[in-house]
Amino acid sequence: MPVALELLAPAKNKDIGIAAIDCGADAVYIAGPAFGAREAAGNSFEDISELTAYAHRFGARVYLTLNTIIFENELEEARQCVFRAVEAGCDALIVQDLGLLRMRIPGIELHASTQCNIRTPEQARWLASLGFSRLVLARELSLEQIRETASAVPDCGIECFVHGALCVSYSGQCYLSQYLTGRSANRGCCIQACRSRYDVLDADGKLLLKDKAILSLKDLSLMDRLQQLAEAGATSFKIEGRLKNISYVRNIVRAYSDALDSVVTGSGGKYARSSWGSPSGGFTPHPEATFNRGYTHYFIDGVRGKWNSGDYAKGIGEPVGEVCGINGRTMKLTLYDGISTPLSNGDGLCFISPKGEISGMRADKVLGCSVTFSQAGGPSPAPGAKIYRSYNHILEKSLENNPPVRLIPAQIHLRHRGNDRFILTASAAGSATATIEFTAEPALNREKAAAGLRASLSKRSGIFAFVLDGIREDGPLPFLPASAANALRRELASKLEAVTHVPEMTERIPIDSLGTTAPVPPAQRCRLNCANSLSRSVYRAVGIEPDEAFETDPRARVELMRCKYCIRWQTDRCPKQRPGEKASPMFLTNNGRRLKVTFDCARCEMVITPDDGNGPVTG
């Protein structure tokens, strides 16, 4: 049996989820009305039910994000959300709070969210022992670490992020937003303080960097690493972006679906897609032209790089050229080779001023490499300035007006039963079959009848792309007018769709049986995010007394962030880069708030804590 590979797409809402499926997603993840780690992306269960019905036509799946920590007074509401998710047809829950394991809820697959801080084989074994059928690994892992983790839990599915925004802190271990504003990242309310601008000072108070987005990372892009990830044991490839709009999701999903198809096609039968059908026609994807902060492979090769997004935490778009001449509001550009589409009237452009500020423009008139622009204010670009395209008018219109159609290949076989009786049998992906028996006079001109049958039956109907799979050289063929043959094809499509089904889940979680098997004690002993008694009882079952979650005990002195990213490495101040340099603390200041940055060089990690003058903060 081939290994089923899944492209997992984000869905801010039902319409975006449907668009993702049309563009080739094998599964989508979406939030319900509450308990999703993106507060601004909630949905009704009525909408989710419509999405699951659509997804299941293609054997695609829908996962509900229930990945926040849950307070004691919310336990029953969370339990009811699970029931509603099952009723709506959801195929799995993405979970952070382990308290759900102690609830009496229907059997449904549980996936351990990346918020569970899954970055070691030990943490993976702990969660697998609790009954999770899939683990969403931390973004910071190398291919070798992914391989080691997958090998440690051979019965668990492994899901890896492959595209989108990167949190600078290990997921589930960031308390900076909660500390600064009382809005918790573990509750879906992150203020994205990592995208803010900071002054950086050394231990003596000397200003090293002024007003820089020093904690903001580039966006992840592993489109060229899908095969390596599959070989390392990953079976689900996740695109970040439940706050992204429909054009972003269409563009990125289509690009990754094409890339994953290439992996499957070149595998010699080792891999297959986990759902049925593929997008046909429509726009040409250009992931480089959609919102990004610059792309990085991050730590996938096990080596550090320059991961900081620079001053452009909000993204500035695709580089398109450099100014070679300027006359008032008209500039001439030396265009870069290979830009996604030609420049067009209505494009949004920008450049970086000498002061490091982003200045935006609108292309009002484009003639070749000459652009007449308008802008709200600020300086005009000078010769030599790099021009970026933040809004691609041609691409956006194509994404909106020219979406693909997802079709499932289906074969039709014709058989003569005897006399004037004939049988048409259609088979499609997912083992769906449908049969129609009909009466027709045998055709007198066999060659003409065969051509007519191929023309009428080898067409699209509904979600199926039919092909009349050969006609026997001997035996009679039916004489069918085109209208009759078309009606039979449409009837086959209707019957096929009625019998398509989502494959049975490979495992139903025995949620009520926690403790009947021996769970593996976790290596992690602190920062466990226990905000309710049920979650606490899971740890107590293996002899761990967890601390209160920072959200319920804000007086606790915890690390606000622990990061693979390092300011010292980014600014060439690491002792490994500069022999003799000491890894002394640094400080970040913003709007009167001050944070302390220390460096755990033994683990090659950076730690951010409050600078409250009370001594070291323990993790």
Side-chain angles (χ1 to χ4, degrees), residues 8-21 25 27-56 60-116 134 136 171-172 177-178 181-192 238-246 249 509 511 529 531-532 534-535 549 551-552:
L8 177 57
K12 181 178 182 179
N13 56 41
K14 174 189 66 177
D15 292 339
I16 294 177
I18 289 172
I21 292 163
V28 297
Y29 60 105
I30 188 170
F35 306 114
R38 295 290 186 273
E39 185 183 44
N43 295 275
S44 70
F45 281 110
E46 289 75 18
D47 279 357
I48 292 172
S49 181
E50 290 183 34
L51 175 59
T52 60
Y54 188 84
H56 291 170
R61 308 179 79 198
V62 176
Y63 307 143
L64 187 82
T65 58
L66 214 160
N67 56 343
T68 64
I69 59 173
I70 302 168
F71 291 160
E72 190 74 25
N73 64 346
E74 298 170 330
L75 289 173
E76 180 57 25
E77 182 185 355
R79 194 175 78 93
Q80 291 302 321
C81 275
V82 179
F83 280 89
R84 295 292 304 279
V86 172
E87 291 171 356
C90 292
D91 301 284
L93 305 177
I94 302 174
V95 172
Q96 176 184 189
D97 197 304
L98 300 186
L100 282 165
L101 296 167
R102 288 293 198 187
M103 294 181 182
R104 299 191 65 84
I105 55 179
I108 184 172
E109 282 189 27
L110 297 185
H111 298 174
S113 169
T114 190
Q115 295 291 113
C116 292
R134 182 185 293 185
V136 188
S171 294
S177 179
Q178 172 71 28
T181 66
R183 294 176 58 83
S184 168
N186 283 316
R187 297 276 293 168
C189 307
C190 182
I191 63 167
Q192 295 194 338
K238 187 171 195 171
I239 297 169
E240 181 275 339
R242 278 197 298 115
L243 295 180
K244 295 295 196 297
N245 62 25
I246 194 167
V249 171
I509 304 301
I511 294 173
N529 299 330
N532 61 71
L534 295 184
S535 173
E551 289 79 2
T552 55

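If you're wondering where the values come from, they're calculated on a predicted model, not measured in any experiment.
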Sub-3.5 Å donor-acceptor pair from the side chain of [X] to the main-chain atoms of [Y], do we have one?
X	Y	result
Asp97	Ile70	yes
Glu77	Glu74	no
Ser177	Arg183	yes
Asn529	Ile69	no
Ser535	Asn532	no
Ser184	Asn186	yes
Arg79	Ile105	no

### Message
My understanding is that only one of Glu50, Glu87, Arg84 makes a side-chain contact (heavy atoms from CB on, under 4.5 Å) with Phe45; could you say which?
### Response
Arg84

### Query
Out of Leu64, Val62, Asp47, which residue meets the side-chain contact (heavy atoms from CB on, under 4.5 Å) rule with Thr52?
Val62

To check you understand the geometry: which heavy-atom pair defines the closest contact between [X] and [Y], and what is its length?
X	Y	result
Ala78	Leu66	O-CD1, 4.3 Å
Ile108	Cys90	CD1-O, 3.7 Å
Ala31	Thr65	CA-OG1, 3.1 Å
Val28	Gly17	CG1-O, 3.9 Å
Lys238	Ile94	NZ-CD1, 4.1 Å
Ile21	Ala55	CD1-CB, 3.4 Å

Rounded to the nearest 0.5 Å, how far apart are [atom1] of [X] and [atom2] of [Y]?
X	Y	atom1	atom2	result
Ile246	Lys12	CD1	NZ	11.5 Å
Arg187	Phe71	CZ	CZ	4.0 Å
Leu534	Leu100	CG	CG	8.5 Å
Arg61	Asp91	CZ	CG	5.0 Å
Leu98	Gln96	CG	CD	8.5 Å
Ser113	Leu93	OG	CG	12.0 Å

### Message
The test is side-chain contact (heavy atoms from CB on, under 4.5 Å); show your working for Leu101 and Val95 and say whether it passes.
### Response
CA-CA 10 Å; Leu101 296 167; Val95 172; over 6 Å; no

### Task
Could you name each residue pair satisfying ring-ring contact (aromatic ring centres under 6.0 Å, His included) that touches residues 73-114, not counting sequence neighbours?
Tyr63-His111

### With Tyr54 via ring-ring contact (aromatic ring centres under 6.0 Å, His included) - residues at least two apart
Phe58

### Query
Do Ile239 and Val249 touch side chain to side chain, with heavy atoms closer than 4.5 Å?
no

### Task
Please assess Glu76 against Met103 for the test side-chain contact (heavy atoms from CB on, under 4.5 Å), listing each intermediate value before the final yes or no.
CA-CA 9 Å; Glu76 180 57 25; Met103 294 181 182; over 6 Å; no

